[in-house]
Protein chains: 2
Amino acid sequence: MDKRKAILEAAVELIGAKGYTHTSMQQIADSVGISKGSLYSFFPSKEDLIISIYEHYQQLVFERAFVVGLDGNLPPYERFAKQFQVQFEGILEYKSYMKMQMRGETAQSSEKLESMGHRMRGRLFSWLERNLIELYGEKISPYKWDLMWMTQSIYTSYTGLMISSENELDPKKLGHHIVRQIEILANDFLAGKSKPLLDDDMMRPFSVGMDREGAFTSFEKREKAWKAVYEKIHTLDNEHYFLEVTNRISEESRKSKPDELVMRGLLHLLKEEETLRVEAITLEEQLLP
Amino acid sequence: MDKRKAILEAAVELIGAKGYTHTSMQQIADSVGISKGSLYSFFPSKEDLIISIYEHYQQLVFERAFVVGLDGNLPPYERFAKQFQVQFEGILEYKSYMKMQMRGETAQSSEKLESMGHRMRGRLFSWLERNLIELYGEKISPYKWDLMWMTQSIYTSYTGLMISSENELDPKKLGHHIVRQIEILANDFLAGKSKPLLDDDMMRPFSVGMDREGAFTSFEKREKAWKAVYEKIHTLDNEHYFLEVTNRISEESRKSKPDELVMRGLLHLLKEEETLRVEAITLEEQLLP
DNA sequence: AGGTAAAATGACTAGTGAGTCAAGAAGCTC
DNA sequence: GAGCTTCTTGACTCACTAGTCATTTTACCT
């Protein structure tokens, strides 16, 4: 399980630097210090490897922002900015993954990867939508696509700047900056000075994605369940062991088709601990409906 | 010369759809209806082909916007919007080229292509800079990088939307939309309500590009010379012939190392026509310093 | 029609890289 | 340490493609 991670990291590094097509499985194997055959015992194909990379890193970068969104203590504006900040911090942490992501070049139109990108975009948009509505209420709806589109483009381009420039941008400042720009643009729309260009019809490819990922209230509940488990674990004696188990559950759950039996087994390990039982059951309900 | 163009178009189509690495020279040849050997008599290598594609299309899409910038009749705000509009029109016209461009995946770090992209980015930024200063004067300087960066990202992302969505966005509306958004953001900076994040130091990679492409006044002069020639040609009887000659000059001049003798010869053909002589000489001064 | 120059062809070479698998190494059990 | 299983290896196959070049086809001229 450790070597698997080492492979993912080496692959991200190489692919981020040279691109998918110009990185051979041999080079990845060499970089980890194992043989090609061994590599293929972890990942049945190059495509599977890249899919696993996305599965592994996507959440790592983005999910933390969603969790911050649930903190509830901060006022909406601050929370929105904090979420961007956390996301940018994640981006700095996983620079080479982001580099790889931004190259965008992958295997020849993999069904799986496409739907993953789709899901991811949908998630980003539904997150933005929620924040916009929290900030401005339903009256922002007619302008939401334009705002979301511009926000997404500004966000993405600053991400690009961040990972290419050695000169590090401060995530906190950047978070506030972006939210400030959104506010200006939103106010202009609300004042009726700009007309929206985009509508539901035109943005259907993106809203489909938003439905597909599941109503995002359910996503929110899942996040809460995760959070509850992690927080309770921190209060326990053998924190390390339970963290390991929970991380393993998390990993399994992120797979495109998680093994239900493995999940049940792992969750059982959590439920064994009396103090964790309630949280574990809640999590189980979210993960195995 | 016609077949060369056919190859470029077929290649753009295929590469735009499937990517550079997943498009073989054989497929391009088949698509044009010629043999691979023939293909290689036009382009000595795959890399040369892709470079030629960029050389062929880049100006086609962007230079028209620069020319509009010289029209002088429109007030700054309108002109800026019109320039975006013209650019978006170009993008619609050369959709598959833009698709190819946006994929960004090319031969393994070609020296030539990289410097071309660099030049292109620099040109975009210097164009934006000029327009911002025309609109707001020198007082916009401290905020120019943030504005340019956000503008560029919004512009690029709408471009992406345009080429992927069948549902066509109206270039005119889009042009006005973008300029309006720039205005809002600029006014917020000027009112001192937002602080800039980016500075010359951080953006050096981009400003270097701006210097390299040549002081942009000289670029402007060249554009003017072109325009004068084209306009005079429209008043002539055998318009068609002179257009062909001028287009050939334009083509040659866009090559990375234009053949000076060919240029002189072609320009001579223009100078033969008494009414065109002045314009042709001005153009020659710009093209062959 | 015959002859020559130019253009087009596609079989061929050489290199690369994904994926396989028989053989060997390492670990484990009694 | 013998006998077993599991992991690891790297040489090998197979498919693909950039680029070449001897041969054929076409075009043009007399």
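Computed over heavy atoms, backbone and side chain alike; hydrogens, waters and symmetry mates excluded. Just so it is clear: chains get the letters A, B, ... in the order the sequence lines come, proteins before strands, and each one is counted from 1.
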Please report the closest heavy-atom contact between A/Thr275 and A/Lys232, naming both atoms and the distance. O-NZ, 3.4 Å

Starting at atom CG of B/Leu39, determine the distance to atom P of D/dA18, rounded to an integer number of angstrom. 10 Å

Nearest whole angstrom, please: distance from the P of C/dA18 to the CZ of A/Phe42. 18 Å

Using atom CG of A/Leu14 as one end and atom P of C/dG17 as the other, report the distance to the nearest whole Å. 13 Å

Rounded to whole Å, how long is the line connecting atom CD of A/Gln27 with atom C1' of C/dA18? 13 Å

d(CD1, A/Ile34; P, D/dT6) in whole Å: 20 Å

Salt-bridge criterion met for B/Glu272 and B/Arg277 (N-O under 4.0 Å): no

The criterion is salt bridge (Lys or Arg N to Asp or Glu O under 4.0 Å); which residues satisfy it with A/Lys99, sequence neighbours excluded? none

Between P of C/dT20 and CZ of A/Phe43, the distance in whole Å: 16 Å

So for A/Lys36 and C/dG19, does any side-chain atom that can act as donor or acceptor lie under 3.5 Å from a complementary atom in the base? yes

How is A/Thr23 classified with respect to the nucleic acid when contacts are heavy atoms under 4.0 Å: base, sugar-phosphate, or nothing? sugar-phosphate

Test item: B/Ser164 side-chain N/O and B/Gly160 main-chain N/O as donor-acceptor pair under 3.5 Å: yes

Can you name the residues that form a side chain to side chain donor-acceptor pair (under 3.5 Å) with A/Ser52, not counting sequence neighbours? none

Contact nearer the 5' end of DNA chain C, comparing B/Gln26 with A/Ser38: B/Gln26

Phosphate OP1/OP2 of D/dT8 contacted by A/Lys3 side-chain N/O (<4.0 Å): yes

A/Tyr20 has an atom OH; how far is it from atom P of C/dG17, in whole Å? 13 Å

Rounding to a whole Å, what distance do you find between A/Met25:CE and D/dT13:C1'? 17 Å

Using a cut-off of 4.0 Å on non-hydrogen atoms, how would the nucleic acid contact of B/Ser45 be classed: base, sugar-phosphate, or nothing? sugar-phosphate

Considering only heavy side-chain atoms of A/Ser35, the closest of C/dA18, C/dT9, D/dT8 is D/dT8

